[in-house]
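Structure first, then comments.
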Amino acid sequence: LVSGKSADAKGVISLAGGRFGPDKDFLALKAGAALASRALGGVGVYDVESQTSRVFVGDQGHIYEIAASLPVDTSKIGGYAANPDWAWSFEQFGPTVLATARCLSQIQFFDLDTSTAFADVATGPGASDGLFRVREFIFSGYTDPAAGVVLKNCAFNNFTDWVPDSGTQSGEFTLPSDGGQFIGGTGGQFAIVFQEKKIHRLTYQGGAAPFQRDEIEDKRGCIGPNAFARYGEMTFFVSDDGFRVTDGNQSTSIAQGKVDKYFLSRLNYAQRTRVSLAVDVGSRILRVVFPTGGNSTPDHMMVYSMDTGQWTHDDCALDLIFEAPRPGIAIDDDAAIAAVAGTSVIDDVEIPINSSVWLESRKQIMSVANTGEVGTFAGSNRAATIETGYGEVMPGRKGFVSEVWPVTDANTCSAIVTTKLARLGDSEAQTSISAMNTVGFCPLVVEARFLKAQIQIPSGTDWTEISGITTDAGVSGEL
């Protein structure tokens, strides 16, 4: 009815030019290979020594490394008793992966070159709710019932030394008590630190007090320990008033009001620590999964396109999403080899085996299903529904429509038209579902002033885009 405009888009990704493309279903790395309990956090790191991506996921009692598509227990001896209502926090520091979770007495470490299991950092900061890195320093944040929100940083380039000392630049300080509990932080050249009701920027300045703290948000924070993600200099996050992004100076909304209202009206706020957010660098999309209604685990997903600024959504059945570098191309992946080299016949491949073209370190989004299986968004195309808003096919009077033409390369789709006879306040009437015929339109008969059309594309259908809907319409016999 209005080409390139949509009032609702489900199971799709927003593309430039008012188009939509298919979104992908969850695909388990190994069907049936599950964690012992609900996933609380995950991370993907890049191992420079082996030039491979390595993935770690934590549940209440374990940390696993995903090896050969299987979760392998790499917990310390005796395992863990992490708070199931919080999250595992991971941070890479050179060849070491550090980890912590609420209710642990000490942070954990795993050497990518030599370790087979995590272990306590014996001289670490003690209890910690989350970790993040700023330049050559690891920070630990902890909501201490007695001392308030305490931030500690290790000595320069030494995660085993946390004794405050101006000489090594290790230290600690407290955050304002009116900001609520520590939520988490993102790092790099500077840090963004979240409390429930405040946001801070930490900047390295050297000297006896090496970090300067600036409060950039006084009444707004982040709702959960997995509800933020860094993308370059920008940090996306979910706050009590919706979806936002900050550059370290101020935050702005990315959700145009009604999208925030849609999310906030459905979120099970009591389970807000289950919200997780992650960025797919290659596709330039942001995914957010969250529990709705009375659900305690995420059952709904919203997808934001950085290229168009538009949102889409769909149902899901996930515990968690997180970011990880894509793996390199495997020797037995014929399709990927052919895409790069033009042939999958090894003897005919002219690219050297040690060439960087076989490596892939851009981040993708990984996920853990509510069945405990770890996977990616690389399955078949999701079922897609694209619906227009109400419009007039014959401006100012009733119109007659006999054909709806989806502007798409999908060979299988169908249409439903909903009408309001004369006024937008009239009750709705709906046609039966009409499948697209071999000519390329969905035949139906409808007569009204105001109409909206819904196009449905079944799951598993092979297609690349839908850009609009046109109709065969004429003036109705009635005004």
Side-chain angles (χ1 to χ4, degrees), residues 1-24 186 192 194 199 216-217 220-223 226-267 275-290 298 300-316 321 323 362-365 377 381-382 384-391 407-408 452 454-455 457 463-469:
L1 296 176
V2 185
S3 182
K5 305 257 184 172
S6 176
D8 188 36
K10 186 175 181 181
V12 295
I13 302 293
S14 173
L15 305 176
R19 301 169 300 140
F20 296 97
D23 197 3
K24 297 292 185 179
T186 67
I192 299 297
F194 293 103
I199 306 174
I216 61 174
E217 289 274 5
R220 178 185 291 118
C222 183
I223 65 172
N226 284 317
F228 57 87
R230 188 73 168 255
Y231 178 68
E233 296 296 292
M234 313 300 288
T235 299
F236 296 94
F237 66 100
V238 185
S239 69
D240 279 336
D241 58 352
F243 303 113
R244 303 186 70 83
V245 64
T246 179
D247 61 0
N249 295 305
Q250 61 182 357
S251 73
T252 56
S253 173
I254 58 170
Q256 303 96 31
K258 69 177 183 179
V259 175
D260 284 333
K261 289 179 181 178
Y262 176 90
F263 165 71
L264 294 170
S265 66
R266 287 161 175 77
L267 171 66
V275 176
S276 58
L277 179 156
V279 173
D280 186 310
V281 174
S283 301
R284 286 179 52 81
I285 61 171
L286 171 77
R287 293 187 188 270
V288 184
V289 299
F290 61 98
H300 205 73
M301 173 171 61
M302 298 181 69
V303 184
Y304 174 72
S305 167
M306 298 182 204
D307 293 328
T308 68
Q310 300 298 310
W311 291 84
T312 55
H313 70 110
D314 204 356
D315 300 322
C316 68
I321 58 175
E323 298 168 7
R362 289 178 302 168
K363 287 186 176 180
Q364 65 175 334
I365 299 176
F377 291 95
N381 289 342
R382 289 173 174 266
T385 302
I386 303 96
E387 185 174 78
T388 70
Y390 275 107
V407 185
T408 178
K452 67 177 180 180
Q454 181 187 95
I455 301 300
I457 303 175
W463 65 287
T464 60
E465 69 172 62
I466 181 169
S467 57
I469 301 166

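Here, residue 1 is the first one in the sequence, and each next residue gets the next number. Only a predicted model underlies this, so the values are computations on that prediction, with no experimental measurement involved.
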> Is there a side-chain contact between E217 and T246, using heavy atoms and a 4.5 Å cut-off?
Replying inline: no
> With W311, which residues qualify under ring-ring contact (aromatic ring centres under 6.0 Å, His included), at least two apart?
Replying inline: F243, Y304
> Taking C-beta and beyond as the side chain, do D314 and V303 meet within less than 4.5 Å on heavy atoms?
Replying inline: no
> Partners of F228 by ring-ring contact (aromatic ring centres under 6.0 Å, His included), sequence neighbours excluded?
Replying inline: F194
>> Between the side chains of D23 and R287, is the shortest nitrogen-to-carboxylate-oxygen separation below 4.0 Å, so that they form an ion pair?
In response: yes
>> Under the criterion salt bridge (Lys or Arg N to Asp or Glu O under 4.0 Å), I'd like the reasoning laid out for D241 against R220: C-alpha separation, chi angles, the key distance, then a yes or no.
In response: CA-CA 8 Å; D241 58 352; R220 178 185 291 118; 2.8 Å; yes
> Of the options K363, E323, R284, which is the one that meets Y231 in a side-chain hydrogen bond (donor to acceptor under 3.5 Å, both in side chains)?
Replying inline: R284
>> Please find the pair of heavy atoms, one from Q364 and one from D280, that lie closest to each other, and give the distance.
In response: CA-OD2, 4.1 Å
> Taking side chain as C-beta onward, heavy atoms only, is D240 less than 4.5 Å from I223?
Replying inline: yes
> Hey, are the side chains of F237 and T186 touching, using non-hydrogen atoms and a 4.5 Å cut-off?
Replying inline: no
>> Could you work out, with side chain to side chain contact (heavy atoms under 4.5 Å, CB included) as the rule, every residue matching A384, not counting sequence neighbours?
In response: V12, I386, I457, W463
>> Quiz question: by atom type and distance under 3.5 Å, do the side chains of S239 and R244 form a donor-acceptor pair?
In response: no
